[in-house]
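This report concerns only the one structure given below.
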Amino acid sequence: MRIDVLTIFPEMFTCFLSTSIIKRAIEAGVLTVHLVDIRDYSQDKHRRVDDYPFGGGPGMIMRPEPIFLAVEALLEEGESRPPIILLTPQGEVFNQEMAKELATYPRLILICGHYEGVDERVRQFLATREISIGDYVLTGGELPAMVIIDAVARLLPGVLGDPQGAWEDSFTMGLLEYPQYTRPRDFRGLKVPEVLLSGNHEEIRRWRRREALRRTWQRRPDLLRKAQLTPEDEALLEEIIREGKPG
Ligand code: ADE
């Protein structure tokens, strides 16, 4: 997959792209991230990309022409039209479903907004989609772009060691993750649940399912209402509810 990122701060991506799993995905050729400095498309001799808002008011607005020119130059490089995504708190709120959908495209273009906002014509006539990473306001779209790249990259074939893992993790399956433990079995008197040491795969599976349901019921009952539960899940859930909240 190729992801083109339009930004006025390409240096913000350096560490992110050269660390851990993202670095490996790039080295393996599964992911290409192409950073485009929007200032390179400014027609201003000072490389300015912002200007005052018409009608007055606080802050500066990103001008449309450098963004249009940068995207148009990118589109000349390929035949098909990739999604052109503007990162903005006004967008559709990002979630795992969207990550899965975005992971199916061969190419994405991400536009990182800044200042008080982006000229409305970018939103209306250039972007094909607007995404927010949550109901809070950041100083720019760079962190949201990294969040999206990270969530999408781990879904690409060959990026994680376990090819099923990413697609079957808790959010993907609609529940929160069950508790996980590693060595030592006894840490300062805090013991790993006996069932996980039993070697009984069926009991372990049932315990994990029960704990995933318990955690989701306790923390995110909204997810439980949307999850597709089997008759076994319904029975486990009844037990959990009978036992009460702590766990
Ligand atoms: N730009 C500023 N805040 C943002 C957010 N929450 N999501 C996406 N882009 C943003």
Side-chain angles (χ1 to χ4, degrees), residues 1-17 19 21-22 25 31 33-42 47-71 74-75 81-105 107-156 171-172 219-220 222-223:
M1 166 181 256
R2 168 176 170 167
I3 304 181
D4 300 295
V5 184
L6 276 72
T7 169
I8 54 171
F9 296 120
E11 66 277 15
M12 279 183 76
F13 292 81
T14 316
C15 188
F16 168 65
L17 296 175
T19 307
I21 290 170
I22 302 300
L31 175 69
V33 179
H34 178 210
L35 297 170
V36 178
D37 188 340
I38 298 172
R39 288 187 198 283
D40 291 345
Y41 291 88
S42 167
R47 288 169 49 90
R48 280 185 40 184
V49 292
D50 60 330
D51 213 328
Y52 295 98
F54 277 124
M60 302 295 275
I61 306 298
M62 285 182 89
R63 294 161 57 147
E65 68 274 15
I67 300 176
F68 269 77
L69 288 172
V71 169
L74 285 172
L75 292 177
R81 285 217 144 217
I84 302 170
I85 300 167
L86 177 66
L87 284 321
T88 161
Q90 299 181 24
E92 205 185 332
V93 180
F94 189 60
N95 60 20
Q96 190 65 25
E97 273 310 298
M98 276 161 93
K100 282 182 352 185
E101 191 220 319
L102 295 180
T104 64
Y105 292 98
R107 187 178 179 192
L108 301 173
I109 297 179
L110 305 181
I111 304 173
C112 305
H114 257 276
Y115 310 114
E116 279 309 297
V118 173
D119 186 284
E120 183 65 18
R121 288 161 291 191
V122 171
R123 206 183 284 289
Q124 271 195 307
F125 302 109
L126 188 66
T128 58
R129 195 154 176 179
E130 295 173 49
I131 297 181
S132 162
I133 61 159
D135 290 341
Y136 41 84
V137 181
L138 301 167
T139 57
E142 282 74 14
L143 289 171
M146 287 185 245
V147 166
I148 290 173
I149 295 169
D150 195 286
V152 168
R154 63 186 289 286
L155 297 173
L156 301 176
F171 254 104
T172 297
R219 299 184 183 190
R220 293 293 304 276
D222 58 307
L223 294 179

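These numbers come from a predicted model, not from an experiment. Just so you know, ligand 1 is whichever comes first in the structure, and atom 1 is the first atom listed for that ligand. Just so you know, residue 1 is the first one in the sequence shown, and it goes up from there.
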Assess, by modelled atom type and distance only, whether the side chains of Thr7 and Glu142 contain a donor and an acceptor separated by less than 3.5 Å.
yes

Closest heavy-atom pair, Cys112 versus Gly141, reported as atoms and distance to 0.1 Å, is SG-O, 3.6 Å

For each nitrogen or oxygen atom of ligand 1, which protein N/O atoms lie closer than 3.5 Å, and how far apart are they, rounded to 0.1 Å?
residue: ligand 1; atom: 3 (N); partner: Leu138; partner atom: N; Å: 3.0
residue: ligand 1; atom: 6 (N); partner: Gly134; partner atom: O; Å: 3.2
residue: ligand 1; atom: 6 (N); partner: Tyr136; partner atom: O; Å: 2.8
residue: ligand 1; atom: 7 (N); partner: Ile133; partner atom: N; Å: 3.0
residue: ligand 1; atom: 9 (N); partner: Thr88; partner atom: N; Å: 3.2

So CZ of Arg48 and CZ of Arg63: to nearest 0.5 Å the spacing works out to 7.0 Å

| Ser42 side-chain N/O to Pro66 backbone N/O, donor-acceptor pair under 3.5 Å | no

>> If you define the side chain from C-beta out and look only at heavy atoms, does anything of Ile131 sit under 4.5 Å from Met98?
In response: yes

To the nearest 0.5 Å, atom CG of Asp150 lies from atom CD1 of Ile21 at 8.0 Å

